[in-house]
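For the numbers below, each heavy atom of this structure counts, side chains included, while hydrogens, waters and symmetry mates do not.
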Amino acid sequence: MGAKPVRVGMIGYQFMGKAHSHAYRDLPFYFDNPLKPELKAIAGRNEKAVKEAQEKMGWESYETDWRKVIERDDIDVIDIVTPNHTHAEIAIAAAEAGKHIITEKPLALTVDEAKQMLAAVEKNRVKHMISHNYRFVPAVQFAKKLIDDGRIGRVYHYRGQYLQDFIIDPNFPLVWRLKKEVSGSGALGDIGAHSIDLARFLIGEFSEVTATMETFIKERPVGEMTGGLSAKGDANQMGEVTVDDAVTFLARFENGALGTFEATRFAAGNRNKNQFEINGEKGSIRWDMENMNNLEVYFADDEEGEQGFRLINCTEEVHPYVGAYWPPGHIIGYEHTFIHLIDEFFRGIAEDYQPAPSFEDGVRNQMLLEAIEQSAKERKWMKID
């Protein structure tokens, strides 16, 4: 009978706009989803830039006012890929208009905003998702299965690191990601939020945290993002950096495991090293986004003399999602994580279940971000309610 059309409107068009647009366009090619996306409208304030994005990314039309996209009768889903300070207003308006919503992370600037967003989607009974795409890496999904199946037993340690270096140059411009009123936080919310979500997904909820944060470069040339993680600035005009450049924190989980975390955009040579190691009573698991198709696994019950970390290339049909792509060993990439996320979102809409990670996950993540920041200020452990 064919897939039923679902009409999408996107607010924003830069880095994540490109990633999400690609996912919508490729989803029907790889997956037999009950819904087929129709890219109806894309919105942005810069008419020239949004028109170029509309033409390049395959959208039918564009708007320069996001409200017009939400008001349109030919839109079923709103996809929010704008800076963080706009998420709450757009999402609440979309929920009140009866649109299903997917938004980039972090969910909001504050816990209060995040809770308002969750209340709005629940009140209006629309499906909702937050774009923690790293959950949808096949190797991460396989790690989750190994843990849930008890293959490494009780978890003792979780180590999460997210290391980048794209702002290490002191002349890198003061873009929105470095302004607290727009982003909410720096490395903590931008990349640390992903580490937090992966930990929650893989081993469970946090019970308390203690943290330290640092801003290494206090002033930068005023500038703006130009796509991806590139930017341009004015060397004659300087502005204050109001977010963290790096954060480290310790954590306790409700299941008794201990956690150590680090997020920084000042780790020279690390372009996108999102990685974790999990140690349990029966074994350990390691993963690194820069080598995303491979999972390292150690099982303590291997024969003596044969023990050691084994490397699993997660491209076999038994591994999550990859049966839709290529033969074993023919690896997939970053962009495919968004296809998997959108596939889950649309199945939730079609089959009437709430997909995850949801706005509730976003609220829990936001609570942790605030607790970590508060801990760094007060120099003490903070309980997670």
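Under a 3.5 Å cut-off, the side chain of Thr215 and the backbone N or O of Ile217 do not form any donor-acceptor pair. A distance-only check finds no donor-acceptor pair linking the side chain of Glu254 to the backbone of Gly204 [under 3.5 Å]. With Glu335 contributing its side chain and His22 its backbone, the two residues share no donor-acceptor pair below 3.5 Å. In this structure, the side chain of Asp76 engages the main chain of Arg7 through a donor-acceptor pair within 3.5 Å. Judged by distance alone, the side chain of His87 and the main-chain N or O of Leu107 form a donor-acceptor pair under 3.5 Å. The main-chain N or O of Ile331 is never found under 3.5 Å from a side-chain atom of Trp326 such that the two would form a donor-acceptor pair. In this structure, the side chain of Thr64 does not engage the main chain of Glu47 through any donor-acceptor pair within 3.5 Å. Listed for the Thr82 side chain is no donor-acceptor partner under 3.5 Å among the backbone atoms of Ile11. Listed for the His340 side chain is a donor-acceptor partner under 3.5 Å among the backbone atoms of Phe136. No donor-acceptor distance shorter than 3.5 angstrom exists from the side chain of Lys127 to the backbone of Pro355, with no hydrogens or angles considered.
For the residue pair Ser183 and Asn84, no side-chain donor N or O sits within less than 3.5 Å of a side-chain acceptor on the partner. A donor-acceptor contact closer than 3.5 angstrom links the side chains of Thr315 and Asn313. For the residue pair Gln164 / Asn272, a side-chain donor-acceptor distance below 3.5 Å is found, with atom types taken as modelled. Side chains of Gln374 and Glu370: a donor-acceptor N/O pair is absent below 3.5 angstrom, by distance only.
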Stepwise, does the side chain to side chain contact (heavy atoms under 4.5 Å, CB included) test hold for Asn274 with Ile191? CA-CA 8 Å; Asn274 178 9; Ile191 54 180; over 6 Å; no
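A side-chain hydrogen bond (donor to acceptor under 3.5 Å, both in side chains) check over residues 31-44, counting only residues at least two apart or in different chains, returns the pairs Asn33-Asp343, Lys40-Glu60.
Checked against the 6.0 Å centroid criterion, the rings of Tyr325 and His336 qualify as a close aromatic pair.
In this pair, Phe253 and Phe261 present their aromatic rings tilted. The plane angle is within the 30 to 60° band.
Partner Tyr134 forms a side-chain hydrogen bond (donor to acceptor under 3.5 Å, both in side chains) with one of Tyr334, Tyr162, Trp287 and no other, that one being Tyr162. For the side-chain hydrogen bond (donor to acceptor under 3.5 Å, both in side chains) with Gln275, the lone residue among Arg159, Glu290, Gln161 that qualifies is Gln161. Glu104 pairs in a side chain to side chain contact (heavy atoms under 4.5 Å, CB included) with only one of the listed residues (Val81, Asp79, Ile80), which is Val81.
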